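All ligand and atom numbering here is 1-based and tracks the order in the structure. Keep in mind that this is a model prediction, so the values were computed, not measured.
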Amino acid sequence: MATIARIALPRAVRQLFDYRVPDGMTLSPGQRVRVPLGRQRALGLVMILDPPDSPDMTLKPVEAIVEDWPVLPQQTRDLLLWAARYYQHPPGECVFAALPPALRRGAPASLPQPTVWSALATDATSLPTQARRQRDLLAWLNQHPGQPLTSIKAAGFSREVLKNLETRGLAAEHAASEAPQRWPAAPSIELNTDQATVLAGLNAPGKGFASHLVFGITGSGKTELYIEFIKQRITMAPDPDQAQVLVLVPEISLTPQTLARFETHFGARIAVWHSALNATERLSTWTRVRQGEPLILIGTRSAVLLPYANLVSIVVDEEHDGSYKQMEGFRYSARDLAIYRAWQSDCPVILGSATPSLESWYNARQQRYHLHRLERRAGNATLPRTELVDVRSRPLKGGLSAPLLEAIGQALEAGNQVLLFINRRGFAPVVMCFECGTPIECPHCDARLTFHRYDNCLRCHHCGHQQAVPRACPECGEQALNAVGQGTEKTETLLAERFPETPVIRVDRDSTRRRGQLDELLEPVRKGSPCILVGTQMLAKGHDFPGVTLAGILDADGGLFSSDFRGPEHLAQLVIQVAGRAGRGERGGRVLIQTCQSGHPMLNQLCSGDYPSVADTLLHEREQAGLPPVSFMTALRAEAPSMADCLALLDDLAHRAEASSTPVDVLGPFPAIIARKANRHRAQILFQSQDRPALHRLTNQLCRYLEQNRPTGGVRWAVDVDPQSLD
Ligand code: ADP
Ligand code: ZN
């Protein structure tokens, strides 16, 4: 009787596919294989081998083996199977999401060793004085050991200069895996007493698995702490030359500055993983991880799915950041998978933030995570003063009140920089006819078009539709169209008029489309001369602007009255993060928040900068309302050409859920906040329970039901476990 191979195939079905292992074929889990599927052949990955239970002659045989070693090691397979169950997602899609594109397409899983360059000396005295480029390159190579030729060229050095250094015996090419063990390259920074206390606390539970939450205000020295912790963990590992470390960061914070900080300490051990890598780079890094190369991988969300061989610790920086949750397809939370991964590897995991998510804060309060605090800024910087500016019955210009404009003027006059946060890009969020009052809407979405003045265009921020601005109102024909409300562009324009001597730098998705563009924009800011930064969320994350002494939040009220229950939490995080950008240098700082709700308790609490109290208050409110993280939630979403079809499907699910008499609350169905997007109507239903297993069972039943009874009418559905956004 033949062994049964349970195989992951990239198909939207919530199961593995069974095949027979033909006589004479030796197969082990983790290998890629080719199998017949319908009339086609498919590439699959063996997840499980089972002894035959009954002679099932109908099973088709595995046709061919792609490579004779497992591309996915057991730990990663276990993680993916667990995640497929937890997130109720087809396991084949989870597994294929964890393979680099080349391997998904069936390319061979071995690589010629990539070669890199390193300096062989730090001393440039043997170089002739006129060899300036060679000197520069030698210095650069000493700062960036183990670089491929492409990076060296990207840094502005030619191949000739490199070859000259090689001829002089000052630089050499070598296999990446044999990069000189340069770490610790930089001497360890001396931790202050707070950091040292936290470091001791992180080590207190010993070697194995432990979850830590480091609540550290912005600028308190978390990054330095992570670096020291990682060094210690590598040194403590049974074999430091095989130790791997994962550092998860939000996409936006993976800047050259962040990398440079890690590189000075770990040199060639640093590897990166993010969305802009091309297929070759992905395959190369993926293979280095799989081959067990000792590295510190700094990566965004999907780095948690890489095939690590020997993790000795995990750090999740800015753990509250929304980008850790995948919003489509395999909707996993990289933060939560990081915890599972650390548990599997029996190593510690640190979640760090100045504004922990309520999920993590709750886990710390429940003693599931060890809580550590860094409540003072490292170095000489002080925390800024935060004040509310009540804008009721104050005329605003470009969204700016007189007190804010005055504060901007003062800051600039004193030679400082200013940062203004506004949550809308474009010039104006609405274009409206002042004759009949009709706003111009997207023809494909239930949403208004945003006016972008730089190219005189109306754009939908939901489906990408764009059109020219009509000369007259499409409704009444009057030439009375006007842009209403503020976006980043309008504020930028007003500021440029008001402060003509000062550069105004706008940072939003429109001004940073190219990779590297954000860094170019921020270059003058780093130089320190007076300027005004105007931007969206992007500005609130990860950057260090020592010259900024004034930060302004143009509108706090959207978050207070959001239809998403996480609105106030996100607003609180934003305010603290924006405040954290100001006064990082030694000049102190000031934050002004414009609101119509100056009496609002949470806003006032935020002004004290005391995030823990705000988090406790918000958590208490969630408790009262029975909302996550105190309970658990799953969303089932449907979209279709007709709203009636969406609602009919979800109604059916609601009835089934209610009939199942499990301890699960059913909320909805209701149309999504943007009920029509790109001509598809959208609705959702929420299931909520204190009893996670019961919620899980119910969700699973409903998914199976939907798989077996495929909805008609072009309805597509998706399940989102622990949804982070409800729009
Ligand atoms: P966070 O990650 O918490 O925002 P950082 O690690 O970026 O904080 O530290 C903020 C600033 O303080 C950085 O410029 C850093 O170099 C400096 N810093 C951190 N720790 C120390 C220390 N122990 N001694 C002196 N400066 C420090
Ligand atoms: Zn649209």
The Zn ion (ligand 2) to [X]: any N/O/S contact under 2.8 Å?
X      : value
His462 : no
His465 : no
Cys442 : yes
Cys445 : yes

> Do any nitrogen or oxygen atoms of Gly216 come within less than 3.5 Å of a nitrogen or oxygen of ligand 1?
Replying inline: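 Gly216 vs ligand 1: no N/O contact under 3.5 Å.
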> Got an N/O contact under 3.5 Å between Thr218 and ligand 1?
Replying inline: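 No, no N or O pair falls under 3.5 Å.
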Counting only heavy atoms, which portion of [X] has something under 4.0 Å from ligand 1: side chain, backbone, both, or neither?
X      : result
Leu191 : backbone
Arg377 : neither
Arg261 : side chain

>> Under the criterion side-chain hydrogen bond (donor to acceptor under 3.5 Å, both in side chains), I'd like the reasoning laid out for Asp321 against Ser323: C-alpha separation, chi angles, the key distance, then a yes or no.
In response: CA-CA 6 Å; Asp321 194 273; Ser323 73; 2.7 Å; yes
> Are more than 12 heavy atoms from other residues, nucleotides or ligands located less than 6.0 Å from atom CZ of Arg680?
Replying inline: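 Counting other residues, nucleotides and ligands, CZ of Arg680 exceeds 12 neighbours.
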For residues [X] and [Y], determine if any side-chain heavy atom of one lies less than 4.5 Å from a side-chain heavy atom of the other.
X      : Y      : answer
Met602 : Thr617 : no
Leu571 : Leu603 : yes
Val198 : Val214 : yes

> According to the interplanar angle, ranging from 0 to 90°, do the rings of His452 and Tyr454 count as parallel (below 30°), tilted (30 to 60°) or perpendicular (above 60°)?
Replying inline: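 Rings of His452 and Tyr454: perpendicular, over 60°.
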> Any idea how Trp361 and Phe215 line up, ring-wise: parallel (<30°), tilted (30 to 60°), or perpendicular (>60°)?
Replying inline: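 Correct class here is perpendicular.
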> Should Thr300 and His274 be marked as a side-chain hydrogen bond (donor to acceptor under 3.5 Å, both in side chains) after you check the CA-CA gap, both sets of side-chain angles, and the distance that decides it?
Replying inline: CA-CA 5 Å; Thr300 53; His274 53 74; over 6 Å; no
Out of all atoms in ligand 1, which are within 4.0 Å of some heavy atom of [X]? Include the element for each.
X      : result
Asn192 : 23 (N)
Glu190 : 22 (C), 23 (N), 24 (N)
Glu224 : 6 (O), 15 (C), 16 (O), 19 (C), 20 (N)

